[in-house]
A.B. asks: 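Just dropping this structure here.
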Amino acid sequence: MSMSSLRAAELASALDTVRGRVDAACAAAGREAQRPTLVVVTKFFPGSDVELLAGMGVTDIGESRDPEAGDKVAELPGQLRADVRVHFVGQLQTNKARRVARYADVVQSVDRARLVRALERGRAEAIDDGDQEDPLQVLLQVDLGEGEQAGRGGAAPDEVASLAEDVADARWLELRGVMAIAPLDLAPDDTRRAFDRLVGLGEQLRHTHPGATWVSAGMSGDLELAVAAGATHLRVGSAILGSRPPQR
Ligand SMILES: *Cc1c(COP(=O)(O)O)cnc(C)c1O
């Protein structure tokens, strides 16, 4: 077999395993009719992997590092770029927001008012230039750390309502919901409780912003807990693509 067909076989098999896990979790939670969207996080892996995955029915990819993500997206064949939704899921510096607002379809990691303003400006410019037509879809990242437990980024839960107003006031941003990363090293029951809190925050948000229906939670190690809690989007990287080089 060629290198690329070996890689295709490897990805197909890992994707199958993850889809099986999602199926089983949906069955266990009685939510076969409300399946979550699988966002395959391709950071550190080449555009050729994105192409292979798209051929296997993957519709949503996640990236967390700019400028690598932008270069990768720019190199995708045009039709494929039109067919996949690109989610930016990583922590985002304000000075990179303009670029990301130009190539992403969704930014899941919005955690402060300055970032909202920078994304709004960047998207407006991209629309003016004809590079984009639609508003950028936005999730508010919420910090689920509690007490001794360090959080893994995001706004404090009590900041969510005011950030949501900022996004709603921005013409070229569309508020779609909430996102979180579970604190590290929690017991499964505690991770589940953290995801339940996130789902509850999403419900509260919908009283004032009915379009904020997405809850992004769950990664390779805890996707079952996220499905059980009611996540609408899972972000799965290493269980499909393999392990990444150690992060900075
Ligand atoms: C890398 C990353 C993921 C994927 O994590 P895995 O454990 O590899 O599945 C999910 N969400 C965010 C925000 C990430 O940065």
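In each ligand, atom 1 is the first atom listed, and ligand 1 is the first ligand listed.
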A.B. asks: Apply side-chain contact (heavy atoms from CB on, under 4.5 Å) to residues Val41 and Glu63 and explain how you reach the verdict.
C.D. replies: CA-CA 6 Å; Val41 181; Glu63 286 287 334; over 6 Å; no
A.B. asks: Between the main-chain N or O of Arg102 and the side-chain N or O of Gln132, is there a donor-acceptor pair closer than 3.5 Å?
C.D. replies: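 Yes; judged by distance alone, with no hydrogens or angles, the pair exists.
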A.B. asks: Which ligand 1 atoms, with their elements, are less than 4.0 angstrom from a heavy-atom of Val89?
C.D. replies: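 Result: 12 (C), 13 (C).
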A.B. asks: Are side-chain heavy atoms of Ile240 and Leu38 found at a separation under 4.5 Å?
C.D. replies: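 They are in contact (side-chain heavy atoms under 4.5 Å apart), so the answer is yes.
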A.B. asks: Determine yes or no for a side-chain-to-main-chain donor-acceptor pair under 3.5 angstrom, with Arg123 supplying the side chain and Ala101 the backbone.
C.D. replies: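 Judged by distance alone, yes, a pair lies under 3.5 Å.
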A.B. asks: I'd like the name of whichever of Met219, Gln141, Lys43, Met179 reaches closest to atom 10 (C) of ligand 1 through any heavy atom.
C.D. replies: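 Looking at heavy atoms only, the winner is Met219.
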A.B. asks: Backbone N or O of Met219 within a donor-acceptor pair of the Asp222 side chain at under 3.5 Å?
C.D. replies: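 Flag set: sc Asp222 to bb Met219 pair under 3.5 Å.
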A.B. asks: By number and element, which atoms of ligand 1 are closer than 4.0 Å to a non-hydrogen atom of Arg235?
C.D. replies: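 Counting from 1, the qualifying ligand atoms are 4 (C), 9 (O), 10 (C), 11 (N), 12 (C), 13 (C).
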A.B. asks: Please list, in number order, the atoms of ligand 1 under 4.0 Å from a heavy atom of Ser238.
C.D. replies: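 Answer, ordered by atom number: 6 (P), 7 (O), 8 (O), 9 (O).
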A.B. asks: Evaluate side-chain contact (heavy atoms from CB on, under 4.5 Å) for Gln141 paired with Ser109, printing each intermediate quantity in order.
C.D. replies: CA-CA 5 Å; Gln141 182 174 355; Ser109 45; 3.4 Å; yes
A.B. asks: Counting only heavy atoms closer than 4.0 Å, does ligand 1 sit against the backbone of Arg244, its side chain, both, or neither?
C.D. replies: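 Arg244 to ligand 1: side-chain contact only, backbone stays beyond 4.0 Å.
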A.B. asks: Counting only nitrogen or oxygen atoms and a 3.5 angstrom limit, does Val236 reach ligand 1?
C.D. replies: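 Min N/O separation from ligand 1 is not below 3.5 Å for Val236.
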A.B. asks: Provide the number and element of each atom of ligand 1 under 4.0 Å from a heavy atom of Ile181.
C.D. replies: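 The atoms of ligand 1 under 4.0 Å from a heavy atom of Ile181 are 13 (C).
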